[in-house]
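The structure appears right after this line, and notes come after that.
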Amino acid sequence: LVGGLVVGVLALALVLGGLGAGLAISSQGGPKATVTTTETVGNSTAPYKVTILIATDSIFNATAQDQPAYFVVGPDGLLSSSSIKIPVNRTIELTIINYDDGNASLNFPNDNVVSGTVGNRIFVASNDNINSTQGASQIVVRGGETVSSLDPSQIAHTFTVPSLKNALNVPVPVSSTVVAFFKVTKAGTYAWFCMTDCGDAAMSTPGWMRGNLVAS
Ligand SMILES: [Cu+2]
């Protein structure tokens, strides 16, 4: 019985020793596992991402005071939205982050309806005022929703390009993040507007609530 136990212990030691040797060999440059990647960086068919945000506390001048404005989120910080550059003939993934918690009336009654995007829909990734409720001890988030229109009373601003073939119109709820996919098939400079009554100075000045979308 004692001999059997010794043999068993020896066998275990050999197994452990073998395991250790195997690990040592592989950590010193043994054959490497083949890794298959699905890297798509640089693939021109991948959506081109543009993020713009709406802030509310920029002072226009002493008379107009603070006005809402769109900014482009660039690699080093905010850029003016007066000229938003995009590639032509490539799907654009447009993300709009809206810090404005106030709604505004629409200049035209149908501007609550999405148009010019894939499926004429937008994805409302977050809608802080509407899409979540406060639980007893935690916030309960319902999650995003895909919509083809919004209740006009929810809308703070829009990102609208009437001169595009399918008249891009992205209504943006108060305190929300919206994602829209669209494509411009003809190079050119297209004026964009916000179609809510959100501030006379902002609505009439490039880089605030209007500007150009430049596709090339
Ligand atoms: Cu606006």
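Numbers for residues simply follow the sequence, beginning at 1. Both ligands and their constituent atoms are indexed starting at 1 by order of listing.
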Report task. Name all pairs fulfilling the side chain to side chain donor-acceptor pair (under 3.5 Å) condition that reach into residues 55-80, sequence neighbours left out, sorted by first residue then second. Result ->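 Every pair satisfying side chain to side chain donor-acceptor pair (under 3.5 Å) with a residue in residues 55-80: Ser80-Ser82.
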Query raised in the report: Below 4.5 Å, heavy atoms only, C-beta onward: do Ser115 and Asn110 meet side chain to side chain?
Result: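 A side-chain contact under 4.5 Å is absent here.
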Side-chain donor-acceptor contacts of residues 194-203 below 3.5 Å, not counting sequence neighbours, with atom names and distances?
unit_1 : atom_1 : unit_2 : atom_2 : d
Thr196 : OG1    : Ala156 : O      : 3.0

Report task. Report yes or no: does Asn112 contribute a side-chain atom to a donor-acceptor pair with the main-chain N or O of Leu150 at less than 3.5 Å? Result ->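 Yes; judged by distance alone, with no hydrogens or angles, the pair exists.
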**Report entry** Metal site the Cu ion (ligand 1), protein N/O/S atoms found under 2.8 Å
**Finding:**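 Those protein atoms number 4 in total.
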Query raised in the report: Sequence neighbours excluded, which residues qualify as side-chain hydrogen bond (donor to acceptor under 3.5 Å, both in side chains) partners of Ser83?
Result: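 Lys85.
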Report task. Run through Val179, Asn166, Val170 and flag the one making a side-chain contact (heavy atoms from CB on, under 4.5 Å) with Thr117. Result ->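 Only match with Thr117 under side-chain contact (heavy atoms from CB on, under 4.5 Å): Val170.
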